[in-house]
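The structure appears right after this line, and notes come after that.
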Amino acid sequence: FSIVARFSDNANTGEGNHNDLWLHPFTFNQGNFANLDGLKVINGHLQVNGWQASNQAANKPYHYIIVLSNGVEVGRTLVNNGQTRPDVANVYGTIFNAQRSGFAVNLPLTANMASGNLQVVSRWTADPAGNGNGTDYWFTPVNLNDNRGNLDGATVNGHQLTVAGWNATDAALIDQHHTLILFDNTTNREVSRIQVTTIDRPDVAHVFPGIQTAGQSGFTGTFNNVTLQADHRYSLVSRY
């Protein structure tokens, strides 16, 4: 597109004797841009935050968020009055819906969301039900089966065992209670278990950027009143 600045002696049409200045031409961005800002479970609901901006959605007024588990749809919801995102509009100034591209929705948490790959799709469409020929953005799937961890250290002080380490898995988005279990491999019996709260581990997030919860995967905890046998072999189980 080009903008022409014109001085003319014809007040009705702008034609007649005129003097034009053709300003620098520009192109409307035809890309499809989006970001998933957050994905977590709160009070039994899956909370999804982010934005999608595209001129391809110019004639598609309905904005839907769709959730898939292992490629099968397990929920969708309409974005009512999209969140204003001046930060997106500042970057994508020639995209018509950049200013209202944000979304923050809650979907009821269901059992079939808790396994395999969880994927979010943002869709602008002309269909009130969220179907039809939409402008979709498929976010990178979250692999709930990717499970990484390490026991950084264990210290015995009398009848107390203090452990520290990390366990990074996006299954923690769904299963949010974190338990440490001390297991005696020699007798094949559980010795004790404690509840812990995850702590910040930016080093883990740096190594495993594909796991959304990696930055909050650390743990430390103390087992009290335990008697460890010198000739026994023990394991620590981190469980979400």
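The analysis underlying the following values was restricted to heavy atoms, covering all of them including side chains, and did not include hydrogens, waters or symmetry mates. Numbering starts at 1 and runs along the sequence shown.
- Proximity of the aromatic rings of Tyr234 and Phe183 is defined here by a centroid distance below 6.0 angstrom, and this criterion is not met.
- In this structure, His178 and Tyr240 have parallel ring planes: the angle between them is below the 30° cut-off, well short of the 60° mark.
- In this structure, Tyr62 has its ring center at least 6.0 angstrom away from the ring center of Tyr64.
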Report task. Apply side chain to side chain donor-acceptor pair (under 3.5 Å) to Arg85 and Asn90, showing your working. Result -> CA-CA 9 Å; Arg85 291 297 299 257; Asn90 185 52; over 6 Å; no
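- With hydrogens and angles left out, the side-chain atoms of Asn29 and Thr94 include no donor and acceptor closer than 3.5 Å.
- Of the possible polar contacts, none joining the Ser69 side chain to the Val74 backbone as a donor-acceptor pair under 3.5 Å is found.
- Between the side chains of Gln160 and Asn224, at least one donor N or O sits under 3.5 Å from an acceptor N or O.
- A side-chain donor-acceptor contact under 3.5 Å links Thr110 and Asn112.
- Within the 6.0 Å centre-distance limit, the rings of Trp166 and Phe208 are counted as a close aromatic pair.
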Query raised in the report: Can Ser235 and Asn185 be said to form a side chain to side chain donor-acceptor pair (under 3.5 Å), step by step?
Result: CA-CA 7 Å; Ser235 291; Asn185 297 96; 2.7 Å; yes
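- Aromatic ring centres of Phe103 and His63 lie closer together than 6.0 Å.
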Query raised in the report: Could you go step by step and tell me if Ser54 and Thr135 meet the side chain to side chain donor-acceptor pair (under 3.5 Å) rule?
Result: CA-CA 8 Å; Ser54 176; Thr135 299; 5.4 Å; no
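- Counted by atom type alone, Asn70 and Asn117 present zero donor-acceptor pairs between their side chains at under 3.5 Å.
- Expressed to the nearest 0.5 Å, how far CZ of Phe33 lies from CH2 of Trp51 amounts to 8.0 Å.
- Checked for salt-bridge contact, Asp152 and Arg201 meet the test: a charged N lies under 4.0 Å from a carboxylate O.
- Checking Asn145 against Asn147 by side-chain atom types alone, no donor-acceptor pair falls below 3.5 Å.
- Distance alone, capped at 3.5 Å, places no donor-acceptor pair between the Asp184 side chain and the His232 backbone.
- Gln52 and Ser101 share no side-chain donor-acceptor pair at under 3.5 Å.
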